[in-house]
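Below: the structure, in structure tokens.
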2 protein chains.
Amino acid sequence: MAIGIKDVARAAGVAPSTVSRALGTGPVSADVRRRVQEAVAATGYRPNMSARRLRSQRSMTVGLVVADIRNPFFTQLSRAVEDAAYRAGMRVFLCNTDEDPTREAMYLDLMADERVSGLILAPTRALKSQALAGFQVPVVLVDRPLPGGRRDAVVLDNRGATAMLVDHLVASGRSRIAGLFGATSATGIERRDAFQAQMQAHGLAPVIAMAPPSLDAGRAALADLMAGADPQAMILSNGLFVGAALRHARETGLSVPRDIALAGFDDEPWTSLVEPGITVIRQPVEAFGREAMQMLLARIANPDLPTRSVVLSGELVARGSTA
Amino acid sequence: MAIGIKDVARAAGVAPSTVSRALGTGPVSADVRRRVQEAVAATGYRPNMSARRLRSQRSMTVGLVVADIRNPFFTQLSRAVEDAAYRAGMRVFLCNTDEDPTREAMYLDLMADERVSGLILAPTRALKSQALAGFQVPVVLVDRPLPGGRRDAVVLDNRGATAMLVDHLVASGRSRIAGLFGATSATGIERRDAFQAQMQAHGLAPVIAMAPPSLDAGRAALADLMAGADPQAMILSNGLFVGAALRHARETGLSVPRDIALAGFDDEPWTSLVEPGITVIRQPVEAFGREAMQMLLARIANPDLPTRSVVLSGELVARGSTA
DNA sequence: AAACAGGGTGGAAACGTTTCCACCTTTCCG
DNA sequence: CGGAAAGGTGGAAACGTTTCCACCCTGTTT
């Protein structure tokens, strides 16, 4: 039924192996190449990727496993990765774990089954680096490092970025500062630790809460935090929490920035749309994707490369929420 | 090097064919099934999807081709589709055309090469329904119908939703109403036509502009519209334009809703975060995904089914921007 | 003039599965 | 007690490619 390389071969009057070479990289005469191309057009032949991958043992596909596709950071990242992959002649297999370690494990198995050439991964905190150990293919971590194992990674300078936020808030005259951090990612932990350290560097006592990245959990944690500590300012470790905090302030009648200042991570489109605008750390998302893909390709080409870690700097975007 | 089904067979003391049956659906004795499972665990065997697909001629994969992954509508949609697919034992191959007909054509070819079992597609307006004709696999259109060919589709009741917006604005006492619609999607066209019709039903003269879905193009079109027509209200056909309109109002010192009322499509998270909240049509995105997947599975199971079209209703969420 | 290099080509094996077919049990029924 | 049905198993073919190998040319070198 379906037309294969043999049908093309017959139409072009050559052997199947010659068609294969004409379509790929192989020495063929100009005449044969033209005849094959005509035959392909005439028959409407489309290559069968499964057969191609099976025989050649090369999938020309990289996996991208992100933690939360609703998060604009990851959608932007996936676009950047895909562009870079496409330029390198590779496809991207995108999966979304939803911060769920079970789904994450499932998708990692899936990637193995698909025999991807490499993997870009934003791991859940629950991921045992041992789980990656059995993984044969090159892996590049993105956004989130992994505690134990030495792995290629491209991450934000969370320490520096958090310190910028703290300094900015302290400079604005606030001292009772609270922080709400994501509990499921290494990034949340890093930012929490940096927050604590920088507050202490200023001789201030940090107020800290952690929550899983859901709207409800965030709001509950915020309510506790506000009620308990009566902070003058608040640092939020992701865009979801920033939104939740703004909503909470609105609902409890707190004025931003007079009653409470808000600052967070991720410059989502709406942070400049609300009134007042939100002070945030802007991450170089495109660079994350580009660097990750580049590292991955380098490691695929040469698996014995020493492990590298690229640290990108965030940029403080000061807006009205911390005036 | 890599372990295959033969290695498992040897370890379990059975034939490869028996391992295949034990792993899939086949009559095997309880004893053999247990031995095979042990052997799989012992050897760390992972199936090779390419080989499986090649031999079985079934990919158990559906393609999902969306137009703009940054649009929360499509990210939500992809989550819903993925959940539904997973429940049916299928994988999802997600691609983002970025409203670019060239990329769209490329990804359609890619889907054909991957021999996906079916395809869920939000087509660009430039897509010739003829381009899908050569497509062997079942296709379900989502969000955007296709002019010419009869195809399964799940779409919003754009006519009704647009009428709701117009009625709502007219009821609030506004009569000079302008509309900005996406130029690259069938949806934009439908909404524009419905806008025109409903305005005329009220005996009002519609002011209409179209723009490609980019922030810059939207802002340029808005500036023209505002300057030329001095509208009291504005209807925006997607979330991007709503944001652009709000920004434009802010920058030109127009007060919302006093100087101009704003209403649009897509209830993105921030529409309730800004002040005033934006009046929007909320789309049942989860239902879009669920219905589309269901239709696709039905058609895969029985390709001779008559073409169906599911029309979902939007919900008017009235907020301060039209008070 | 003989040997050689190398581009161009066809034939056949191989990639790792699933599935067809044949065969051997066992069980059940007449 | 004989035979048919059904369950379980192994052997081998097949899926559509790529790639190895052998071969044939033509042109160049010794």
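Bear in mind that the values here come from a model prediction, so they are computed numbers and not experimental data. Computation of the quantities below employed the complete heavy-atom set of this structure, encompassing side-chain atoms and omitting hydrogens, waters and symmetry-equivalent molecules. In the text below, chain A, chain B and the rest are named by the order of the sequence lines, each starting its count at 1.
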Q. Quick one: on DNA chain D, does B/Val28 or B/Arg115 contact a more 5' nucleotide (nearest heavy atom)?
A. B/Val28
Q. With a non-hydrogen cut-off below 4.0 angstrom, is A/Ser17 in contact with a base, only sugar-phosphate, or nothing?
A. base
Q. Looking at B/Arg70 and B/Glu99, does any basic side-chain N land under 4.0 Å from a carboxylate oxygen?
A. no
Q. So where does chain A start and stop touching DNA chain D, 5' to 3', when the test is distance under 4.0 Å to a non-hydrogen atom?
A. D/dG16 to D/dC20
Q: Identify whether the distance between the nearest side-chain nitrogen and carboxylate oxygen of B/Arg290 and B/Asp83 falls below 4.0 Å.
A: no
Q) At what distance, to the nearest 0.5 angstrom, does CE of A/Met111 lie from CE of B/Met49? A) 11.5 Å
Q.
Using a heavy-atom cut-off of 4.0 Å across all strands, would you classify B/Arg53 as base, sugar-phosphate, or nothing?
A. nothing
Q | Sugar-phosphate only, base, or nothing, as touched by B/Arg33 at under 4.0 Å among non-hydrogen atoms | A | nothing
Q. Is B/Glu104 salt-bridged to B/Arg125, going by a charged N under 4.0 Å from an acidic O?
A. no
**Q.** Reported CG-to-OH distance for the pair B/Asp100 and B/Tyr107, which is rounded to 0.5 angstrom
**A.** 10.0 Å
Q: Count the heavy atoms of every other residue, nucleotide or ligand shown that sit under 6.0 Å from CZ of B/Arg308, and state whether that count exceeds 12.
A: no
Q: Assign each of B/Ser29 and A/Arg58 to its nearest nucleotide of DNA chain D by heavy atoms, then name whichever residue's nucleotide is nearer the 5' end.
A: B/Ser29
